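Working notes, structure below.
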Amino acid sequence: MISFESDYTNGAHPVILQKLIETNDESLATYGFDKYSESAKEKIKAACQCPEAEVHFLTGGTQTNAIVISTMLKDYEGVVAADTGHISSHEAGAIEYTGHKVLTVGQELGKIKADELEKYLDSFYGDENHEHMVFPGMVYISHPTEYGTLYSKRELEELSNICDKYEIPLYMDGARLGYGLMSYHTDVTLADVAKYCDVFYIGGTKVGALCGEAVVFSKNNAPRHFMTMIKQHCALLAKGRLLGVQFDALFTDDLYYKISRHAIDMAEELKKVLQEKGCRFFIDSPTNQQFIIIEDSKLNSLKDELKVSFWEKYDENHTVVRFATSWSTKPEDIEALKELL
């Protein structure tokens, strides 16, 4: 079976596993106060060029989104997201479960456009009845988006300026941030993300770790007693070393960037194969996710030999599927796909 189903179907990068083994017999402080967690935080702050940042580790993306959003919003506020955004489409109402509404706006190739955001916020405050409505208290974006597209530095700056104007934070979901940063077609660096976003997270689960996400508050703006609120959400890992060791390894010798670039290299090779085989692309993605329009009959004939992700129906006879490369994709996987197609 050839699998391009997702970028988190494999375990962890060997370097990370080795570090977990090497540190296994050490007796370390609990709840993330161990030396590896502290080291990882310092390395992340250095990579962000943001020494004043505050870094916290959580275990998964949905958990991270729910905790960050709910602790930063006031009771009467909701979070603005693209109608295709992860929190509004693929997180099972996790944000609403915390008591905060997801306020959706239109998107273009998965991205919120600055003029649409400003129009939405202007319209809200221009409504004489807005005191009876859910206030927009935060803007959520992901990079890459659900469609593998990327924000440019200028687009991030524009969104940041609008958020500053309305005094609301800009939050970036970085579950696949490494793959966005290492795309051949980006001008955004981790330092740019820290500059333009008020809070973001660096995804580990989809980029080489067994689990884990690193939340970065870059503007001295972390909620007070954030660790306590993490525990209130039943998300404080007693053996915090599990996350600290992994992120310490990821941010040593540029491992995070190297394995992310490998996934991009593999995605470019994948794209060539799909093009050679005459596949129709649903969208031009510059990252590790590639979206193909395929006949349902063809998809059905491949199901026993190929794993990909269903994305959406294109029409009554065609489906959009996603191919995803990752840190663990091998050149022979690409060759096997070429032979199969």
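Only a predicted model underlies this, so the values are computations on that prediction, with no experimental measurement involved.
Side-chain contact of Tyr151 with Asp187: a donor-acceptor pair under 3.5 Å is absent, judged by distance alone. Side chain to side chain, Thr252 and Lys43 meet the donor-acceptor criterion of an N or O pair below 3.5 Å. With hydrogens and angles left out, the side-chain atoms of Glu26 and Tyr36 include a donor and acceptor closer than 3.5 Å. Side chain to side chain, Ser297 and Asn300 fail the donor-acceptor criterion of an N or O pair below 3.5 Å. In this model, a donor atom of one side chain and an acceptor atom of the other lie less than 3.5 Å apart for His318 and Asp315. No donor-acceptor contact under 3.5 angstrom links the side chains of Thr149 and Lys111, judged on distance only. Asn288 and Thr325 share no side-chain donor-acceptor pair at under 3.5 Å.
Taking 4.0 Å as the cut-off between side-chain N and carboxylate O, Glu276 and Lys338 count as a salt-bridged pair. Using a 4.0 Å cut-off between charged nitrogen and carboxylate oxygen, Arg154 and Glu158 count as a salt-bridge pair. The residues Lys113 and Glu155 are annotated as salt-bridged, a charged nitrogen and a carboxylate oxygen being separated by less than 4.0 angstrom. Of the charged side-chain nitrogens involved, none lies within less than 4.0 Å of a carboxylate oxygen, so that Glu77 and Lys101 do not count as a salt-bridged pair.
Although no hydrogens or angles enter the test, the distance criterion places a donor-acceptor pair under 3.5 Å between the side chain of Ser88 and the main chain of Gly85. Between the side chain of Lys271 and the backbone N or O of Ser285 there is at least one donor-acceptor pair closer than 3.5 Å. Side chain of Ser160 to backbone of Tyr196: a donor-acceptor contact under 3.5 angstrom is found.
Cluster note: Ile283 groups with Leu109, Tyr147, Phe282, Phe291, Ile293, Trp311, Tyr314, Val320 through ILVMFWY side-chain heavy atoms spaced under 4.5 Å, whether in direct contact or through intervening members.
For residues 62-71, the set of pairs meeting the side-chain hydrogen bond (donor to acceptor under 3.5 Å, both in side chains) definition, not counting sequence neighbours, comprises Thr59-Gln63, Thr62-Glu91, Asn65-Glu91, Asn65-Tyr171, Asn65-Asp173, Ser70-His233.
Looking at heavy atoms from C-beta onward, Ile112 lies out of side-chain contact with Gln107 at the 4.5 angstrom threshold.
Annotation for Glu332: atom CD counts as buried by contact number, over 12 foreign heavy atoms lying within 6.0 Å.
Not less than 6.0 angstrom separates the ring centroid of Phe247 from the ring centroid of Tyr256. Between Phe217 and Phe200, the ring centre distance reaches or exceeds 6.0 Å.
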- Task: Please report the C-alpha distance between Glu54 and His56 in whole Å, then the side-chain angles of each, then the deciding distance to 0.1 Å, and finally whether the side-chain hydrogen bond (donor to acceptor under 3.5 Å, both in side chains) criterion is met.
- Result: CA-CA 7 Å; Glu54 186 171 325; His56 294 267; 2.7 Å; yes
- Output, in order, the C-alpha distance, side-chain angles, deciding distance and verdict of salt bridge (Lys or Arg N to Asp or Glu O under 4.0 Å) for Arg176 and Asp7. CA-CA 9 Å; Arg176 294 183 170 92; Asp7 40 22; 2.5 Å; yes
